Amino acid sequence: MYYYLIAAIIIAIDQVTKWYIVKNLELGENITIIENFLYITSHRNKGAAWGILQGQMWFFYIVTAVVIVGIIYYIQKYTKENKVMGVALGLMLGGAIGNFIDRIFLKEVVDFINTYIFSYDFPIFNVADSALCVGVILLFIHMLFFEGKQEKEQA
Ligand SMILES: CCC[C@@H]1OC(=O)[C@@H](C)C[C@H](C)CCCCC(=O)CCC[C@@H](CC)/C=C/C=C(\COC)CC[C@@H](O)[C@@H](O)C[C@H](O)CNC1=O
């Protein structure tokens with residue numbers, strides 16, 4: 001069950017980075033890492049991705065709780081043989097809990113990774129969001145490729 005260890009590491013990195021940003025940067029303060037590509041900007045988001053549903057904390061608590069329970073159920077049930085699935089779920093679990101902690105204690109999420117992807121000002125995000133996205137992408141790759149392979153083997 002070391003997938004929970006992956007989640008715990010993500011939560012630790014997420015919370016430490018957020019704590020550092022809150023402690024050392026003014027809101028809106030900007031640090032250039034790579035000109036025109038990567039900045040550290042202290043930002044807060046009371047909503048979800050792209051700032052949707054601002055302030056709807058109860059909705060976020062319920063959805064996040066469902067997401068967390070669902071991931072734990074899948075880890076218990078499906079990751080005996082699927083390592084890729086386990087890593088993906090571990091990443092998503094860590095990300096979901098990381099943002100959950102912010103929403104419970106701060107009533108908003110601390111964001112600081114500000115990238116300009118192909119000069120599009122992508123929404124400012126954090127380590128928890130990155131882990132969630134990597135986990136979601138890994139899960140899709142696993143379902144697309146590995147499921148098909150298993151079916152062929154069983155066929
Ligand atoms: C990553 C999910 C967002 C994360 O969901 C969570 O916490 C989960 C566990 C709980 C939510 C209440 C439920 C999911 C809502 C789904 C959603 O929103 C559509 C997602 C699309 C996604 C494809 C996977 C794109 C990516 C976006 C971004 C991430 O780019 C790396 C931009 C992040 C910035 O807007 C940043 O301000 C967000 C802020 O940090 C709060 N974060 C959240 O709400």
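One is the number of the first residue; the rest follow in order along the sequence. Treat the numbers as computed from the prediction; the structure is a model and nothing was measured. Atoms within a ligand are numbered from 1 in the order they appear, just like the ligands themselves.
- Taking a cutoff of 4.0 Å between a charged side-chain nitrogen and a carboxylate oxygen, Lys18 and Asp102 qualify as a salt bridge.
- Asp129 places a side-chain N or O within 3.5 Å of a backbone atom of Asn126 that can act as its donor or acceptor partner.
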Kindly determine whether Glu29 and Thr41 satisfy side chain to side chain contact (heavy atoms under 4.5 Å, CB included), including the steps that lead there. CA-CA 6 Å; Glu29 194 177 333; Thr41 311; over 6 Å; no
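- Crowding of Tyr120 atom OH: a count of heavy atoms from other residues, nucleotides or ligands under 6.0 Å exceeding 12.
- Between Ile31 and Leu25 the shortest side-chain heavy-atom distance falls below 4.5 Å.
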Are there any protein N or O atoms under 3.5 Å from the N or O atoms of ligand 1? List them with distances, or say none.
| unit_1 | atom_1 | unit_2 | atom_2 | d |
| --- | --- | --- | --- | --- |
| ligand 1 | 7 (O) | Asn99 | ND2 | 3.1 |
| ligand 1 | 7 (O) | Arg103 | NH1 | 3.2 |
| ligand 1 | 18 (O) | Ala49 | N | 3.2 |
| ligand 1 | 35 (O) | Trp50 | N | 2.8 |
| ligand 1 | 37 (O) | Asn45 | ND2 | 2.9 |
| ligand 1 | 37 (O) | Asp111 | OD2 | 2.6 |
| ligand 1 | 37 (O) | Ile124 | O | 3.0 |
| ligand 1 | 40 (O) | Asp111 | OD1 | 2.6 |
| ligand 1 | 40 (O) | Asp111 | OD2 | 3.4 |
| ligand 1 | 40 (O) | Asn126 | ND2 | 3.3 |
| ligand 1 | 40 (O) | Asp129 | OD1 | 3.3 |
| ligand 1 | 40 (O) | Asp129 | OD2 | 2.5 |
| ligand 1 | 42 (N) | Asn99 | ND2 | 3.3 |
| ligand 1 | 42 (N) | Asp129 | OD1 | 2.8 |
| ligand 1 | 44 (O) | Arg103 | NH2 | 2.7 |

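- You'll find the ring centres of Tyr116 and Tyr39 inside the 6.0 Å limit.
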